[in-house]
Asker: 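Before I ask anything, here is the structure I am working with.
Numbers restart at 1 for each chain; the letters A, B, ... are given by sequence-line order, proteins then strands. What's counted below: heavy atoms across the whole structure, side chains too, no hydrogens, waters or symmetry copies.
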There are 2 protein chains.
Amino acid sequence: MSRQKPRLARIADALGVSTATVSNALSGKGRVSPELAERIRATAAELGYVPSVAGRALRTGRSGVLGLVLADISNPLFPKLAQAIENSAAKVGYGILIADSHGDVTAQTQAIERLIERGVDGMIVVPRRGTWVTGASCPVAVIDSPSTPGNTVAADHWSGGQGLGLHLYSLGHKHVLLLGNSTASNVQNDRLGGVKAGLGSAKVETIWIEKLEAQSGQGCSLGLAEAVARGVTAIAAISDLVALRALTELQRAGIAVPEDVSVTGFDDLIWSSVITPGLTTMRMDVATIADIAIAAVLDAINQPHVAGSRGTDGDTVIASQPKVPMELVVRQSTGPARKSAYPNDNKTDNLTAGELIQ
Amino acid sequence: MSRQKPRLARIADALGVSTATVSNALSGKGRVSPELAERIRATAAELGYVPSVAGRALRTGRSGVLGLVLADISNPLFPKLAQAIENSAAKVGYGILIADSHGDVTAQTQAIERLIERGVDGMIVVPRRGTWVTGASCPVAVIDSPSTPGNTVAADHWSGGQGLGLHLYSLGHKHVLLLGNSTASNVQNDRLGGVKAGLGSAKVETIWIEKLEAQSGQGCSLGLAEAVARGVTAIAAISDLVALRALTELQRAGIAVPEDVSVTGFDDLIWSSVITPGLTTMRMDVATIADIAIAAVLDAINQPHVAGSRGTDGDTVIASQPKVPMELVVRQSTGPARKSAYPNDNKTDNLTAGELIQ
DNA sequence: CTGAAAGCGCTTACAG
DNA sequence: CTGAAAGCGCTTACAG
């Protein structure tokens, strides 16, 4: 029972052929007669042959591994994305090495360097907002936003937003509050821009939470009850996470969703369907995005004339920007706009928006 | 400016020494005079030398890469864990290759095989509930639960539960509802067992959601309003995800948290602090768990006398079970038990538990 | 303290 | 259709 780790040569010896022939047979290069190839495959399987990735990598100069850099690995979307990318990579015979960058820019650069040192053939980067991917000496696909220069592939956040806006508009909402985090994010600007477009003639207010919290402190009230009192009948949040914050703040204030106000998110995170009411949201097609990103990197790897251009140490970021459609998921958190002013509150429309609202 | 990818030999040539000496100098094996070593390091840095992992791997038989298998990559805890493990591995010079197993048992085995084929030196597995890790021909550290045979390291879920139970008990809760998912999970049994222990003499009911949904359908009501009417003053959920479901169901029913009923979770997921009220929960020390898991795998890798025992193709699972303490995070979702029966409801204590409640 | 040499396992021109 | 040979880049005994 005691057998050594079998090498290519063992198969060759067992059959009395050369290692070259075994290699050719196994890689299906076709330079071997079908019968012999079949016998070789059989013997390899029988011996439990597992090719040495190190040997192959050293000879071919390819590691068969791609790096994945998530700006913020604690991003709730990470699981889905990592899963999708690992799947897409596995389909084409690649492995995925992860690198964490703590959401911090210098760490992102270090993470990229670490991956290079590990010999990755290319990488996929989901950068931190407003960050440039730089200094990678291998092909890099960037998943950010269609409006980001250097972006490789991304969800069509703008159209997704538009879909959400149309959904709300068709439910009769004429006064909508938008909840964003940071104006520095292309993704966020795309999303909210789309929502506005979809909302057409409806009245729109926007709150940027980062700004609000800079003044009123982390975790402060979003002033949602006041907004509802002011006539807002729907709240479109930049993400499910923000939508959740809004939802619980509303419920805590005794405001019913969707009867008094509708709420929407973005991302369709795992818990979006579990909460009460279920959250209406816009889902990214991560599988397609992953497929395109992987395909782009592989293309670049197999086109040395680009990456191999000597004279510059510059980036090899792949810039082509297919937009992958998003999918509207309607759940119970959205419904028809209430006809009357907020029932528990008489002072309607006579409140000013306040200095924090644009 | 046009320079080739520098190899070890270039440094050797540049200094007129042998590659062996360069290798020794760079690896700090000390067989080189300090002065020469210094010059070699300087030249290497200047030339931008990046060692070839393939060359090293082929020669040493070590890839410098560890595999990470998450039973369910869409598990909300995944980001934190992956981050912690990547960090711990990076500290000791290892990379992390991920493998997704879709939460399905055969896929888990395939994922493990794929990692082996990629030449990992060892792996960390967070298995699916009630699943055995099997057939890995390299050292495997398992992160599951201290009460699982073959477990390597885990959070002390039982003590964590106890801490939560004590917290509730000390707030005066005498009638508590426990919310679990599956009785097949060691982690869940540990957690709820601990909660019960911490609750001492309090009255305890348990609902297993999987069972409930099998009868009443996915996403059905948990019957929380009825429970509160029955006298329950606190609900301890098996996870933050379940706690969130409970919290929104309660809020939707107009039951105030924590005034009418307290709610606790487990895991301290990203959104636990963002919702209103913030969720009291029990946090895992993922960094410590990751450190221990990585250390265990490295130990096993460096002790070939175990892994090298011929005669069996058996597992190389590392069984030693340190329990890492959990940390109580108190937020606003827990408070003193209400003194009176549920204020909006007169029929107290005269409801039977129902067939779904143990 | 330093060097010459072998070899890890594979693939790829190149002959035959 | 098949084989002999070279070599990818490194490290490790082994000499000196």
Asker: With the side chain counted from C-beta on, respond yes when M284(A) and L77(A) share a heavy-atom pair under 4.5 Å apart, and no when they do not.
Answerer: yes

Asker: Quick one: side-chain contact (heavy atoms from CB on, under 4.5 Å) partners of S23(B), sequence neighbours excluded?
Answerer: L8(B)

Asker: Within this structure, what is the CZ-to-P distance between R62(A) and dT12(C), rounded to whole angstrom?
Answerer: 10 Å

Asker: Could you tell me the separation between the CD atom of E35(B) and the P atom of dT2(C), rounded to a whole number of Å?
Answerer: 8 Å

Asker: What closest approach, in Å, do I124(A) and I143(A) show between heavy atoms, and which atom pair accounts for it?
Answerer: CG2-CD1, 3.8 Å

Asker: Distance check needed: dC1(C) P versus L15(B) CG, whole Å only.
Answerer: 17 Å

Asker: Any side-chain N or O of S23(A) below 4.0 angstrom from OP1/OP2 of dT12(C)?
Answerer: no

Asker: Ignoring backbone atoms, test whether R56(B) places a side-chain nitrogen or oxygen under 4.0 Å from the OP1 or OP2 oxygen of dT11(D).
Answerer: yes

Asker: Look only at the side chain of T148(B) and the backbone of N151(B), and say whether a donor-acceptor pair between them is shorter than 3.5 Å.
Answerer: no

Asker: Examine distances only and state if a side-chain atom of D121(A) and a backbone atom of L66(A) form a donor-acceptor pair shorter than 3.5 Å.
Answerer: no

Asker: Take atom CG of N24(B) and atom P of dT11(D), then tell me their distance rounded to the nearest Å.
Answerer: 9 Å

Asker: Side chain of R59(A), heavy atoms from C-beta onward: which of dT12(D), dC1(D), dG7(D) has the nearest atom to it?
Answerer: dG7(D)

Asker: For T19(A) and for G55(B), find the nucleotide of DNA chain C with the closest heavy atom, then tell me which residue's nucleotide is more 5'.
Answerer: G55(B)

Asker: What is the nucleic acid contact for A20(B), judged by heavy atoms within less than 4.0 Å: base, sugar-phosphate only, or nothing?
Answerer: base

Asker: Look only at the side chain of D291(A) and the backbone of S88(A), and say whether a donor-acceptor pair between them is shorter than 3.5 Å.
Answerer: no

Asker: How many Å lie between CZ on R10(B) and P on dC8(D), as a whole number?
Answerer: 13 Å

Asker: Where does DNA chain C form stems of at least three consecutive Watson-Crick or G-U wobble pairs, each pair having both distances below 3.5 Å?
Answerer: C:1-3 with D:14-16, C:5-12 with D:5-12, C:14-16 with D:1-3

Asker: Y49(B) side chain: which of dC10(C), dC10(D), dT12(D) is closest?
Answerer: dC10(D)

Asker: Could you check how far CG of L58(A) sits from C1' of dC10(D), rounded to whole Å?
Answerer: 8 Å

Asker: Is a salt bridge present between E38(A) and R41(A), judged by a nitrogen-to-oxygen distance below 4.0 Å?
Answerer: yes

Asker: Who passes side-chain hydrogen bond (donor to acceptor under 3.5 Å, both in side chains) against D285(B), sequence neighbours left out?
Answerer: T288(B)

Asker: Kindly point out which of dC10(C), dT2(D), dT2(C) is positioned nearest to the side chain of L8(A)?
Answerer: dC10(C)

Asker: Which whole-number value in Å describes the distance from D13(A) CG to dG9(C) C1'?
Answerer: 13 Å

Asker: Would you indicate which nucleotide in dG9(D), dT12(C), dC10(C) comes nearest to any side-chain atom of P51(A)?
Answerer: dC10(C)

Asker: Heavy atoms from C-beta onward define the side chain here; which of dT11(D), dA6(D), dT2(C) lies closest to that of T21(B)?
Answerer: dT2(C)

Asker: May I ask you to verify if any side-chain N or O of S18(A) is less than 4.0 angstrom from the OP1 or OP2 atom of dG3(D)?
Answerer: yes

Asker: Return the value, rounded to whole Å, for the distance between atom CD of E38(A) and atom P of dC1(D).
Answerer: 16 Å

